[in-house]
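Data first, discussion second: the structure below is written as structure tokens.
For this chain, numbers begin at 1 and follow the sequence in order.
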Amino acid sequence: DAFLALAISLLIFLGAIQVKNIISDLEKKNFILDRSSKIDSLTQALSRSETFARAELEIERSFRNREPVAFLMLDIDHFKNINDEYGHPLGDIVLSNLVKHCQEELRVIDIFGRVGGEEFFVVLPGDGIDSAFEVAERLRNKVLSSPCAVTTKGKEIFISISIGVASFNPLSNGE
């Protein structure tokens with residue numbers, strides 16, 4: 001009986017270790033899956049769905065705190081020409097570097113996400129329309145003055161962006 005009890009105890013112990021390993025593995029995979037749903041894999045900016053989810057939270061916060069929130073919509077000018085002339089791999093580098101350049105100019109609390117091929121959305125919590133225009137101009141100048149890629153022949157690629165600006169102020173009465 002003692003031998004049988006020892007064997008059963010050992011099997012239960014080994015089974016518990018295996019279950020713990022399976023749960024640990026599932027937690028790791030769930031973390032990776034969660035991250036991949038929130039981050040654009042190419043640019044490392046927020047994904048479209050995560051960007052809009054956070055934008056919605058900022059609008060709700062704006063109502064609670066009675067503070068404005070501003071929005072920027074960025075688009076790379078003539079991006080198709082870059083892909084056509086230099087190829088999609090270099091276009092991917094341009095997108096990634098655009099994100100880096102923009103994130104260098106934004107605050108930690110600002111939300112920056114990729115919402116389309118070469119379209120990006122920015123949420124500026126606590127900013128009104130005037131400061132949103134300042135941020136837009138700062139982003140536009142940073143991108144215009146910074147190379148976003150280098151060709152195999154050593155030619156630097158510069159781009160320009162167009163930016164739309166909007167603001168929401170919960171204290172305004174539709175004015």
Margin query: Quick check against the 3.5 Å criterion: does His101 have a side-chain atom that pairs as donor or acceptor with the backbone of Pro147?
Written below: yes
So CZ of Arg138 and CZ of Phe133: to nearest 0.5 Å the spacing works out to 14.5 Å
Query raised in the report: Should Leu139 and Val115 be regarded as members of a common hydrophobic cluster, given that ILVMFWY residues are connected when their side-chain heavy atoms come within less than 4.5 Å of each other, either directly or indirectly?
Result: no
Here the gap from Leu42 atom CG to Leu95 atom CG, rounded to the nearest 0.5 Å, amounts to 6.0 Å
Taken in chain and number order and not counting sequence neighbours, the residues that satisfy side-chain contact (heavy atoms from CB on, under 4.5 Å) with Ile93 are Asn97, Ala149
Output for pair (Lys142 NZ, Ile161 CD1), nearest 0.5 Å, gives 12.0 Å
Report the C-alpha distance between Asp127 and Arg107 in whole Å, list the side-chain angles of each, state the deciding distance to 0.1 Å, and finish with yes or no for salt bridge (charged side-chain N to carboxylate O under 4.0 Å, His left out). CA-CA 11 Å; Asp127 281 1; Arg107 303 170 298 184; 3.4 Å; yes
query = So, the side chain of Ser172 versus the backbone of Asn169: is there a donor-acceptor pair under 3.5 Å, distance only?
reply = yes
- request: Would you tell me whether Asp77 and Ser160 have side-chain atoms, one donor and one acceptor, within less than 3.5 Å of each other?
  value: yes
Closest non-hydrogen contact found for Ala45 with Gly113 is CB-CA, 4.2 Å
Verify side-chain contact (heavy atoms from CB on, under 4.5 Å) between Val150 and Lys155, making sure each step is shown before the conclusion. CA-CA 5 Å; Val150 178; Lys155 178 183 176 188; over 6 Å; no
inquiry  = When you group the ILVMFWY residues by side-chain heavy-atom contacts below 4.5 Å and let the links chain together, are Ile159 and Phe79 in the same group?
reply    = yes
After noting the C-alpha distance and the side-chain angles of Val165 and Ile129, does the key distance pass the side-chain contact (heavy atoms from CB on, under 4.5 Å) rule? CA-CA 8 Å; Val165 179; Ile129 195 75; 3.7 Å; yes
Fill in: Check: Ser24 side chain, Lys20 main-chain N or O, donor-acceptor pair, under 3.5 Å
no
Answer yes or no: are there more than 12 heavy-atom neighbours, outside Glu56 itself, under 6.0 Å from its atom CD? no
When every non-hydrogen atom of Asn83 is compared with those of Gly91, the smallest separation belongs to OD1-CA, 3.3 Å
Distance col, row Ile82:CD1 vs Glu118:CD, nearest 0.5 angstrom, shows 9.0 Å
Separation between CG (Leu124) and CZ (Phe112), nearest 0.5 Å, reads 11.0 Å
Sorted by chain and number, sequence neighbours left out, side-chain contact (heavy atoms from CB on, under 4.5 Å) with Leu14 holds for Leu10
Examine distances only and state if a side-chain atom of Asp25 and a backbone atom of Asn21 form a donor-acceptor pair shorter than 3.5 Å.
no
request  = Indicate yes or no: at least one non-hydrogen side-chain atom of Cys148 is less than 4.5 angstrom from one of Phe158.
outcome  = no
Sorted by chain and number, sequence neighbours left out, side-chain contact (heavy atoms from CB on, under 4.5 Å) with Arg64 holds for Glu60, Arg61
Within the 4.5 Å heavy-atom criterion, are Gln44 and Val99 side-chain neighbours or not?
no
Ile76-Leu106 co-clustered via ILVMFWY side chain contacts under 4.5 Å
yes
Salt bridge (charged side-chain N to carboxylate O under 4.0 Å, His left out) between Glu119 and Arg114, intermediate numbers included: CA-CA 6 Å; Glu119 294 97 23; Arg114 183 178 181 200; over 6 Å; no
Report yes or no: does Thr51 contribute a side-chain atom to a donor-acceptor pair with the main-chain N or O of Phe121 at less than 3.5 Å? no
Can you get from Val122 to Met73 by hopping between Ile, Leu, Val, Met, Phe, Trp and Tyr side chains that sit under 4.5 Å apart?
no
Report task. State plainly whether the residues Glu50 and Arg54 are in salt-bridge range, i.e. N to O under 4.0 Å. Result -> yes
Margin query: Could you tell me if the side chain of Val123 sits less than 4.5 Å from the side chain of Val69, heavy atoms only?
Written below: yes
CG of Leu90 to CD of Glu85, rounded to nearest 0.5 Å, is 10.0 Å
Linking I/L/V/M/F/W/Y whenever their side-chain heavy atoms sit closer than 4.5 Å, directly or via other members, would Phe52 and Leu72 fall into one cluster? no
I want to check something: taking the side chain as every heavy atom from C-beta on, are Phe168 and Ser62 in contact at a cut-off of under 4.5 Å?
yes
